[in-house]
Enquirer: 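Let me give you the structure first, and then I'll get to my questions.
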Amino acid sequence: MKGPLGLAWRYVLFHKAKSLILVACIVLTTILPVAVKLLVWQFDQKIVARAASTPSVVGARGSSLDLVLSALYFKQGAIEPVSYAEVERARGDGLATAIPLHCMFTAMDYPVVGTSLEYFDYRDLGVGAGTLFVSLGDCVVGHKVAEMLSVNVGDQLISDRANVLDLAGQSPLKLNVVGVLEASRTPDDWAVFVDLKTAWVIQGLGHGHQDLNKESPDSPVLIASDSGRIIANRGVVSYIEINDENVDSFHFHGDTEEFPVTAVLVSANGFKEETILQGRYESGESEVQFVRPEIVVRDLMTIVFQVNRFFNANAILIGGSTAMLLVLVVLLSLRLRKREMETMFRLGCSRGAIVWLQVGEMGIIFGLAMVFVLLGSTWVWSVSGDIVESLIVNSR
Amino acid sequence: MIQIENLKFQYPRAEFMLRLPRLVVESGQRVAIVGPSGCGKTTLLNLISGITLPLEGTVQVCGEEVSAMSDASRRNFRIAKIGMVFQQFELVEYLDVLSNILLPFSINSTLPGSSGIRCRAIEFAEAMGLKEKLTRRPAQLSQGEQQRVAICRALIAEPRVVLADEPTGNLDPENKRRILDLIFQLAEKQNQTLIVVTHDMGILSGFDRVVDFEKMRFSKADEKSSGSIGSAVGGQA
């Protein structure tokens, strides 16, 4: 490389440390706002896409955002459950498809979502291996759960205790992995799906135990049997695993219509049907609310973008101060190199060429910085989906 | 030939004014300009090379009036006709020896760069005893070696005039003589006019003429007509 640009390149190469520091300053100052911008954009795309694919949600009154986060991202503990009767109510005599969601427990720290088979069609989730759940105790794991826990069809997952300090509480249930979902890059990848009844078993609303009619004389557990009411002592064996041998012993106590669900996904058959349904929920003093996730999420994103504006202003200020520091560095460098420039002038270099030499050096520094910014931005872009997903998943 | 007539020069906001009634240096002469610090020796070299322009008077180098040229023409003239050697060597720290020698070609598009120039630079370096150090940086060289690189750089474009400002000022006695001999040899080989500014009276042997600049710049108008530097400064080494 000849001429001022060649000299500039050799100067940059010779002063590697100084050049790298300058490049790093520019890269860091530029890439942080770019990365945040990309992440916010990705967050917006993902969260809005998920919300847009969920026409409406019914759940307990309270925070509509918590309800949406529970229904879309399986966030636990934020809302009160509603009764299963609400699922039938949401169907509204054929006005809509209603899918129950029960999200109160975890297995290996991943949310256990009790639902119906309709959910998989609703979310367009394909099975990568195995099948969907067919009987009580079966579970289908999301793609990421299978990857993170290294589980596959035929393995078992144990539900987590709701309260590890409550020794008398419900025992964990061994779930049989019968299927692994294809990757969907949605929160469904990070969940364990079971039939709603299995979720109620995990909650302790249903259970299975040894047949009290076939009591062993060696270990009597029956205390009383009176007019169809059977009372057993604490020695009765409750099953913590559901299999072909004991599945028939599982039963529920109470009316399943009163059993809890955390949310109901509602997909009305049309705009008119949706309006009728909404009207039903909004009239009177209903205990439940009917929300459109897209509207709730867009409200949330408005706040996010407002916060982002503050961040942008901050980035501009930092960028400005970095630019001023860079100018200072360049000016000091020019001062230090005054003799060098003067020598070049004496040897016949024009003032214009000397300016080009300086511009070339800064151009190379900026060029290198921009290459790194581009590479970094591409990398952030490639992982932003995963970052946003994990941010959403970890926040639940 | 270099011919200076009725020269007046003053730096902005400075009391000192350089006045030089007449100075003539014949082609191929080796001239030493001596005088105390601050008497204007370096300024004279800048005026000859066209780096600075006189307030009054004329400076003719190789038959061309330097002060009448445009900036670009003066620069091109300086590139083509004048080679400069400095007291502090003024090598570029981030270039190796060979690149420093070739610097005039790197920074001037008017000088045609070619593989022949590179060969000449290597020949110069070999003649200066720098063959093994072509890839070294200035900081890796001794002061004598650095000045030899600077001399190669000044002569690579085969200028007609070589201006050296205190070329031995930073050298030890042994290197002083060696460097001067090298400058003389190369200048003689290429029939170059050599003007060396120095205040070191110990190196004056070997010059065709010695100009006492302090005396010369205060010479009377009638002395101007004498025309030769010998008469103006009255000294020959």
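Just so it is clear: chains get the letters A, B, ... in the order the sequence lines come, proteins before strands, and each one is counted from 1.
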Enquirer: With only heavy atoms counted, which part of Asn46(B) is less than 4.5 Å from chain A, the side chain, the backbone, both or neither?
Expert: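 When you check distances to chain A, only side chain atoms of Asn46(B) fall under 4.5 Å.
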Enquirer: Counting neighbours of CG on Asp124(A) that are heavy atoms of other residues, nucleotides or ligands and sit closer than 6.0 Å, is the number greater than 12?
Expert: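 No.
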Enquirer: Could you please state which residues from residues 308-339 of chain A sit under 4.5 angstrom from chain B, measuring non-hydrogen atom to non-hydrogen atom, sorted by number, or 'none'?
Expert: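 From residues 308-339 of chain A, the residues near chain B are Arg337(A), Arg339(A).
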Enquirer: Got a sec: does the CE of Met108(A) have more than 12 other heavy atoms crowding it under 6.0 Å?
Expert: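 It does not: Met108(A) CE has 12 such atoms or fewer within range.
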Enquirer: Do other residues, nucleotides or ligands put more than 12 heavy atoms under 6.0 Å from Phe372(A) CZ?
Expert: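 12 or below, so no.
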Enquirer: Is atom CE of Met148(A) surrounded by more than 12 heavy atoms (other residues, nucleotides or ligands) closer than 6.0 Å?
Expert: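 No - once you tally the heavy atoms of other residues, nucleotides and ligands closer than 6.0 Å, there are 12 at most.
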Enquirer: Name the region of Phe86(B), side chain, backbone, both or neither, that has any atom closer than 4.5 Å to a heavy atom of chain A.
Expert: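 Just the side chain, heavy atoms under 4.5 Å.
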Enquirer: May I ask you to check whether over 12 heavy atoms, not counting those of Lys18(A), lie within 6.0 Å of atom NZ?
Expert: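 For Lys18(A), atom NZ is crowded (more than 12 foreign heavy atoms under 6.0 Å).
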Enquirer: Using a heavy-atom cutoff of under 4.5 Å, enumerate the residues of residues 93-102 of chain B that contact chain A, numbered in order, or state 'none'.
Expert: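 Against chain A, the residues of residues 93-102 of chain B that fall inside the cut-off (heavy atoms, under 4.5 Å) are Glu93(B), Tyr94(B), Leu95(B), Asp96(B), Ser99(B).
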Enquirer: What residue pairs, at least two apart or across chains, pass side chain to side chain donor-acceptor pair (under 3.5 Å) with a residue in residues 144-156 of chain B?
Expert: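 Listed by first then second residue: Lys133(B)-Glu145(B), Ser142(B)-Glu145(B).
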Enquirer: Which residues in residues 342-353 of chain A have any heavy atom closer than 4.5 Å to a heavy atom of chain B?
Expert: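 Listed by number: Thr343(A), Met344(A), Phe345(A), Arg346(A), Leu347(A), Gly348(A), Cys349(A), Ser350(A).
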Enquirer: Non-hydrogen atoms of chain A under 4.5 Å away: do they reach the side chain of Leu91(B), the backbone, both or neither?
Expert: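 It is neither, since no heavy atom gets under 4.5 Å.
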Enquirer: First locate atom CD1 of Ile107(B), then atom CG of Leu357(A), and finally report the distance between them rounded to the nearest 0.5 Å.
Expert: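 Between atom CD1 of Ile107(B) and atom CG of Leu357(A) there are 9.5 Å.
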Enquirer: Heavy-atom cut-off 4.5 Å, strictly under: side chain, backbone, both or neither for Arg137(B) against chain A?
Expert: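 Contact with chain A is through the side chain of Arg137(B) alone.
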Enquirer: Heavy-atom count check: over 12 atoms from other residues, nucleotides or ligands less than 6.0 Å from Glu188(B) CD?
Expert: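 12 or below, so no.
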